[in-house]
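Down below is the structure, laid out as C-alpha cells.
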Protein chains: 2
Amino acid sequence: MTKERITVVEIAHAAGVSKSTVSLVLQGSSLVNEVTRAKVSAVIRELGYVYNRGAANLRQSNSKSKIIGIVVNDLTNSFFAELAVGVDDVVQSAGYVQFLSNTGESVDRQREVIASMREHGISGLIVSPARGTEPADLKPLVASGIPVVVVVRNIQGAKVSSLMSDNHAGASAAVEHLVALGHRRIAFLGGFPDTAVFAERLVGYQTALKSADIAFDASLVISSAPSRAGGVDAIDRAVRLGDRPTAALCFNDAVAFGVCDGLRANRLEPGADFGVIGFDDVIEAKTAVPALTTVSVDPQGMGRRAAQLLLKQINSGNADPEALVGSVRLVVRESSGPARRDVEKRTA
Amino acid sequence: MTKERITVVEIAHAAGVSKSTVSLVLQGSSLVNEVTRAKVSAVIRELGYVYNRGAANLRQSNSKSKIIGIVVNDLTNSFFAELAVGVDDVVQSAGYVQFLSNTGESVDRQREVIASMREHGISGLIVSPARGTEPADLKPLVASGIPVVVVVRNIQGAKVSSLMSDNHAGASAAVEHLVALGHRRIAFLGGFPDTAVFAERLVGYQTALKSADIAFDASLVISSAPSRAGGVDAIDRAVRLGDRPTAALCFNDAVAFGVCDGLRANRLEPGADFGVIGFDDVIEAKTAVPALTTVSVDPQGMGRRAAQLLLKQINSGNADPEALVGSVRLVVRESSGPARRDVEKRTA
DNA sequence: TGACAAATTTGGATCGTTCCAATTAAATAT
DNA sequence: ATATTTAATTGGAACGATCCAAATTTGTCA
C-alpha cells in the first residue's frame, strides 16, 4: 500500500550525496567515483526505487523517451503479429518499450492512435498504414523530427523511410516456377486491387508470363479480401471459369490457405490437382498440409530490420528518408505440386 | 529541423489568457467561460499544439497516465494476437494506449518488460504470464497500487484479479460430445502437463469419461508443445498405440490443426476417420477444412473483458482482486465427424 | 609547501503541466 | 448604493528528473 513514490532526493539523502550525483549514477556516467557509485546503487536497490521516465523526458528531448510506436492494420493476420514480434524483439533489447495499436484498416482510428502516441512522446514510429492513408497523416510527425518507418505498404509521396519487400521479384519467381512445372493457365488470386502491394505483385506476375510467352488473361486475376475467407471465395470463382486455371499465385499466405480449403471443398487436392503458391511465408506455411510453397519475406526478420532502421535514425538524430527493400526468395514445398505431364486425376 | 515544442504558456499568451485557464480548457473543466473556451481551443488548433502527457503525469497520480501494459507469452499464437486486439479495442476507445510486449515464455524477459513498463508509469497491467511466473514477479506492482489482471493462466497465490476460461466445463463438454457420437477411445493431445490450464482441461476430460463409464487410460494422454508442430507430433505417437484412439480432444486449436495435418500424413481424414476437437476457437477454426469443432472461448471477447475489468479497477481506484471465469461453449463443426456407424450398443 | 590540473561533487534553474489559494469580475440580494 | 454570493480567472508552488556552471576534493609536480 505504499502510496509514496521514492525519488532521487530520498536516495540522495539516504546515501549521503546530492541528487545530482544520484542522477549521474542513474545515467551510468563515468564522472562518478566507483565507491560512491556502489553505495548509491546499493541504496537504490534497497529502497526499491523506480526510475520515473516521465520526469526525465521533461528535461530531455523526446528522442530519449525510450518509447517507439508501432501501428499495424490487422494484428489478427499472423504476418503482422510476427512483424510485431520482430520489432518487439530488437526494441526490447535496446531498452525500449513499444506502443502497439491495431487500426483494422480505419484511417480515423489510425489518426487517433498516432496522435495519442505523439502526446506520449514516442521517439519513433513504425507503421503499416491502413488503406487510404495519406502523406498528410504522417506529416506532423515528420515535421517535428520524429523518425517514421513505413513497412509493407508504401505511401506515395510521403517523405519517410520505408521497408518494403521485393514484391515484383517474388511474384515473378513464383510464376516462373509454376511455368517450369508445366502450367500455362496460372491465376492470380486474392488481394485488394487498389493497393500498391497488389499492383507490384501483379506486375511481377505479368512480367513472368510475358517472358514465358504466355498471354495475359485478365479473367484469371480474381481479387478478394486478403484473408483466408477471401481465398475460399476467389478459388470458388476461379473454378467456375470456362477454361479453368491449373495453378495460382495467391496474394498472400492467408489467401493461399483459403484457396487450399476451397479446393478441397471442390474435391481438388492442392499440390496434386492444382498448384498453389502463397506469399509471406508465415510460420504455419511449413507445417501445413500440404506444406505451402511460398515467397518467403520473413515477417519477423522484416520487423527486426524495420526496428533497426528506426533505432538507427533515432540515435543518429538523422531522419532522412531511406528506402530499403527486403529480399525475398521462393521456398518450394509441396503445395505447388510436381511437374505436370498429363491430366493426372487421382483420388485417395 | 528540430521544431521547438509549443507549450501552454505560448497558447496562453496567444489567446490572451493565463496558462491556468489553458490548462482548464485542456481538461474540459466547466469552470471556464464558454467564449474563452472557444477562443483558447481555436488557438490550440491553430498553433498545432500537442499535449505533453509526460509533464502532466508528473503532477498527477500515475493512474492517470492513460497507458496500460499488456504482456503475452506468445504473440505468434493467434489466440494471443486476438486477445491483444480485444484489449486494444476497448483500451483505445477509452483514450488509453497500450504497451505490448512479448515474452516468449521467458520469465526474465517478462521481469524486464514489467519493470520497464513500471518506469513509464502504466496505470494498469494485463498479463498472460510466462510459464514459471511467481507471485513475487507481480508483487512490486500490486504493492504500489497498480491494478493487475492475469489472463488465461493463473498464478497460484498471487493477490491479483484474474480472468480464466472455464477449462473444466469446456473440456468435459467436448468429451461428452465425442462420447455421444459413439467414441470410447478418446485421447487428450498436446499441451505442457505442468501448467494449470492443462491440469484443468485434463480433469474436465476425466470427469466426462467417468460419467460415461469409460475407464481412464493414461496412455491416451499425450503431451507436447502447445503448437501446430506439437500436434503433429502428438498424433503421430497416438496413431502408433496398440489400441489406437478414434477421436481426440486437443489442448488447443493450434494443436488440433497439427493433429489434422498429422492425420492426413497418416492417410486418415480428420472428421471422417478420426474425430478432432480443439480448444479456443481461433478465427481460422471456422474456415479451415474441415471446419474445426472446438470449445469457443472467444479470445477477442476475453481481451475486451479483461480490459474492461482493468479499466474499472483503475477508475475506481479499487484494485481488490476479483476472479472472473469466462464462459465457454462447444461449437460443433465438421472435424468431430458424424456419429459412428459401428457404435456398440450399451445399456442406457 | 604551494600552485595547478584533474577528478568528483553539488546547488540551483529548468522542462510543461496541474493544483491550490487568492484575486477579480459579474450577478444577486439587502 | 453596498454587501454578499457566484462565476471566472490567475500567479506561483509543486511534480521528479537533468543540466550547467561553479565549488570542492584529490593528485601531481616544481
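Just so it is clear: chains get the letters A, B, ... in the order the sequence lines come, proteins before strands, and each one is counted from 1.
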Among all residues two or more places apart in sequence or in another chain, which pass the side-chain hydrogen bond (donor to acceptor under 3.5 Å, both in side chains) test with [X]?
{"X": "A/Thr103", "value": "none"}
{"X": "B/Thr7", "value": "none"}
{"X": "B/Arg304", "value": "none"}

Margin query: Near DNA chain C, counting only heavy atoms under 4.0 Å, which residues of residues 14-29 of chain A show up?
Written below: A/Val17, A/Ser18, A/Lys19, A/Ser20, A/Thr21, A/Leu24
Note to self: Can you pull out the residues from residues 32-52 of chain A that lie within a 4.0 Å heavy-atom distance of DNA chain C?
What the structure shows: A/Val32, A/Asn33, A/Thr36
Check: Is DNA chain D part of any stem, that is, at least 3 consecutive Watson-Crick or G-U pairs with both distances under 3.5 Å, and where?
Finding: C:1-30 with D:1-30
Notebook entry, point to check: Does B/Ser144 use its side chain to pair, donor to acceptor, with the backbone of B/Ile146 at less than 3.5 Å?
Noted result: no
Checklist line | Separation of B/Ile68 CD1 from B/Leu100 CG (nearest 0.5 Å) | finding: 9.0 Å
Expected list for residues 130-142 of chain B: side-chain donor-acceptor pairs under 3.5 angstrom, two or more places apart:
| unit_1 | atom_1 | unit_2 | atom_2 | d |
| --- | --- | --- | --- | --- |
| B/Arg131 | NH1 | B/Asp194 | OD1 | 2.6 |
| B/Arg131 | NH1 | B/Asp194 | OD2 | 2.9 |
| B/Thr133 | OG1 | B/Gln110 | NE2 | 2.9 |
| B/Thr133 | OG1 | B/Ala130 | N | 3.2 |
| B/Thr133 | OG1 | B/Ala130 | O | 2.5 |
| B/Asp137 | OD1 | B/Arg111 | NH1 | 2.7 |
| B/Asp137 | OD2 | B/Glu134 | N | 2.9 |

Item checked: chain B footprint on DNA chain C, 5' to 3' - any atom under 4.0 Å from a heavy atom -> C/dG16 to C/dC19
Check: Side chains of B/Ser93 and A/Arg109: is there a donor and an acceptor less than 3.5 Å apart?
Finding: yes
Next item on the list: Only pairs at least two apart or in different chains count here, so list each salt bridge (charged side-chain N to carboxylate O under 4.0 Å, His left out) that has a residue in residues 48-65 of chain B.
Entry: A/Glu119-B/Arg53
Checklist line | Pairs meeting criterion salt bridge (charged side-chain N to carboxylate O under 4.0 Å, His left out) with involvement of residues 145-165 of chain B, two or more places apart | finding: B/Glu105-B/Arg153
Margin query: In the structure I gave you, are the side-chain heavy atoms of B/Met117 and B/Ser101 within less than 4.5 Å of one another anywhere?
Written below: yes
Checklist line | Partners passing ring-ring contact (aromatic ring centres under 6.0 Å, His included) against B/Phe99 (at least two apart in sequence or in another chain) | finding: A/Phe99, B/His120
Checklist line | Residue list, side-chain contact (heavy atoms from CB on, under 4.5 Å) with B/Val50, at least two apart or on another chain | finding: A/Arg118, B/Arg5
